[in-house]
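Note sheet for the following structure.
Index from 1, following the sequence. In this text, all values refer to a predicted model and were calculated from it rather than measured experimentally.
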Amino acid sequence: VDDLEFRRMVYDSKVLQTKNFSSWNWNVIQELLEGPLLNGKQLDELVKSTKFIRRLLIFYRPLRLRFSNVNKGSRLSHRYIQVGCQFFRTLTSTSVGMKILADDTKIIPQLASLLFRSMERNTTDNIININTLKTKVVDGYFKFVGVLTQSSNGITYLKKWSFFTVIYKMFENSCPISLKFLLLTLPELDLKYSGHCRTIMGKSLVYPQEDIRIQATQNLGEKLIQLHNSNPMVSDIVKARDFSNLQRYSMEMLTRQLYD
């Protein structure tokens, strides 16, 4: 879109006119994230000249109790999660977006701390617990983490805040909240870009708790089907090799499950 249309879309989103997120036009926000803001130049311009991106970042910060305090089933709850996924997808797609993430010391660090504390049974003032997983949209954060595993840039960002260490901790004890976190994490992991994700899947396939093994097996089967349906162009040698290696890994892991 041209500059005039871009400015009109930003204005129509209502993000700059009010801090009240329920008054924002979330359809327009998603259109911006899926289109103009994938252009690093327009994203950079927006960051330097407005508070648009900052307000979105604040909305998704766990301890700001905005997104994290939205009730499941409320009118826009699903849209907030959709837009959040696209927000992280957009930010990890350009160097400008990665700088925005690098400068943000809240969303993923706060999430990592809250999950870790919850697994340590420290639930005092912890907004992520068994009850909020049932009543609030906080399980959307696991989808955001999943989006970050879908690119090398996202993996780099997760590593920066040692988020994989938090996921590995989910295996260390069998308290209900750890198992719940693991069940929410497994379907979201992309196996292409990080050995950590493949290791986590492998550990889940042999985990003592049967629910975890079944979930991991189902997820791996689904990912194998996705791989089959998205066979890369043979002319792209590197992608074809990576595809072949991932397909082989998935087949080997699923074959091993036949003996469980």
Side-chain angles (χ1 to χ4, degrees), residues 60 62 67-68 70 72-73 77-89 92 107-108 111-112 114-116 118-119 128-130 132-152 154-155 157-159 163-172 174-230 243 246-247 249-258 260:
Y60 286 109
F67 170 78
S68 58
V70 172
K72 277 188 176 181
S77 58
H78 184 62
R79 177 48 61 94
Y80 296 150
I81 295 174
Q82 274 186 325
V83 172
C85 288
Q86 186 58 49
F87 186 41
F88 281 103
R89 198 172 287 118
T92 52
I107 297 180
I108 294 301
L111 177 61
L114 289 166
L115 294 178
F116 194 92
S118 193
M119 288 186 285
I128 300 182
N129 54 59
I130 289 292
T132 57
L133 286 172
K134 294 176 182 176
T135 60
K136 305 293 184 180
V137 296
V138 291
D139 55 351
Y141 284 112
F142 293 91
K143 292 188 178 296
F144 302 161
V145 170
V147 169
L148 290 170
T149 68
Q150 293 172 8
S151 68
S152 298
I155 293 293
Y157 181 59
L158 289 172
K159 285 181 177 177
F163 198 84
F164 289 109
T165 301
V166 176
I167 299 178
Y168 287 130
K169 185 173 177 60
M170 297 174 191
F171 293 96
E172 292 180 7
S174 57
C175 68
I177 196 75
S178 295
L179 298 179
K180 183 62 176 176
F181 289 164
L182 197 51
L183 288 170
L184 288 167
T185 300
L186 289 174
E188 309 303 335
L189 294 179
D190 192 303
L191 305 180
K192 291 193 290 291
Y193 298 96
S194 173
H196 283 298
C197 294
R198 292 188 288 276
T199 298
I200 290 162
M201 184 63 70
K203 287 171 70 71
S204 300
L205 289 168
V206 295
Y207 194 71
Q209 190 83 13
E210 186 178 19
D211 287 354
I212 302 298
R213 297 201 307 276
I214 291 173
Q215 176 82 69
T217 303
Q218 290 174 341
N219 294 150
L220 192 58
E222 290 166 1
K223 292 179 191 304
L224 187 59
I225 292 171
Q226 290 170 8
L227 280 171
H228 178 75
N229 293 334
S230 61
F243 170 87
L246 186 55
Q247 193 174 46
Y249 162 85
S250 301
M251 286 297 295
E252 288 174 356
M253 292 294 100
L254 283 175
T255 301
R256 189 176 70 181
Q257 289 308 92
L258 292 173
D260 184 359

message = Test of understanding: with salt bridge (charged side-chain N to carboxylate O under 4.0 Å, His left out), list the residues that count as partners of Lys136, not counting sequence neighbours.
response = none
Set of salt bridge (charged side-chain N to carboxylate O under 4.0 Å, His left out) partners for Glu210, sequence neighbours left out = none
Closest non-hydrogen atom pair between [X] and [Y], with its separation:
| X | Y | result |
| --- | --- | --- |
| Pro187 | Asn219 | N-OD1, 3.4 Å |
| Phe67 | Gly140 | CZ-CA, 4.3 Å |
| Ser151 | Tyr193 | N-CD1, 3.7 Å |
| Asn129 | Ser118 | CA-OG, 4.4 Å |
| Val147 | Arg89 | CG2-NH2, 3.5 Å |

request  = Mind running side-chain contact (heavy atoms from CB on, under 4.5 Å) on Ile108 and Leu148 for me, showing each step along the way?
outcome  = CA-CA 10 Å; Ile108 294 301; Leu148 290 170; 3.9 Å; yes
Pairwise side chain to side chain donor-acceptor pair (under 3.5 Å) hits with a residue in residues 178-189, at least two apart = Lys143-Glu188, Asn173-Ser178
Say whether, by atom type as modelled, one donor and one acceptor occur between the side chain of [X] and the main chain of [Y] under 3.5 angstrom.
| X | Y | value |
| --- | --- | --- |
| Tyr141 | Tyr60 | yes |
| Thr149 | Asp190 | yes |
| Thr217 | Arg213 | yes |

message = Applying ring-ring contact (aromatic ring centres under 6.0 Å, His included) as the test, list every pair that has at least one member in residues 202-224; sequence neighbours left out.
response = Phe171-Tyr207
Partner set under ring pair (Phe, Tyr, Trp, His ring centres under 6.0 Å) for Phe181, not counting sequence neighbours = Phe142
Approximate separation, where rounding is to 0.5 Å, of [X] [atom1] and [Y] [atom2]:
| X | Y | atom1 | atom2 | answer |
| --- | --- | --- | --- | --- |
| Ile177 | Met119 | CD1 | CE | 9.0 Å |
| Leu182 | Lys169 | CG | NZ | 13.5 Å |
| Phe88 | Phe144 | CZ | CZ | 6.5 Å |
| Lys134 | Asp139 | NZ | CG | 13.0 Å |
| Ile128 | Leu133 | CD1 | CG | 7.0 Å |
| Leu111 | Phe116 | CG | CZ | 13.5 Å |

Please report, to 0.1 Å, the donor-acceptor pairs under 3.5 Å made by any side chain of residues 195-206, with sequence neighbours excluded.
unit_1: His196; atom_1: ND1; unit_2: Tyr168; atom_2: OH; d: 2.8
unit_1: Arg198; atom_1: NH1; unit_2: Leu191; atom_2: O; d: 2.5
unit_1: Thr199; atom_1: OG1; unit_2: Gly195; atom_2: O; d: 2.9
unit_1: Ser204; atom_1: OG; unit_2: Ile200; atom_2: O; d: 2.8

ask   = Would you call Thr92 and Tyr157 a side-chain contact if the rule is heavy atoms closer than 4.5 Å?
value = no
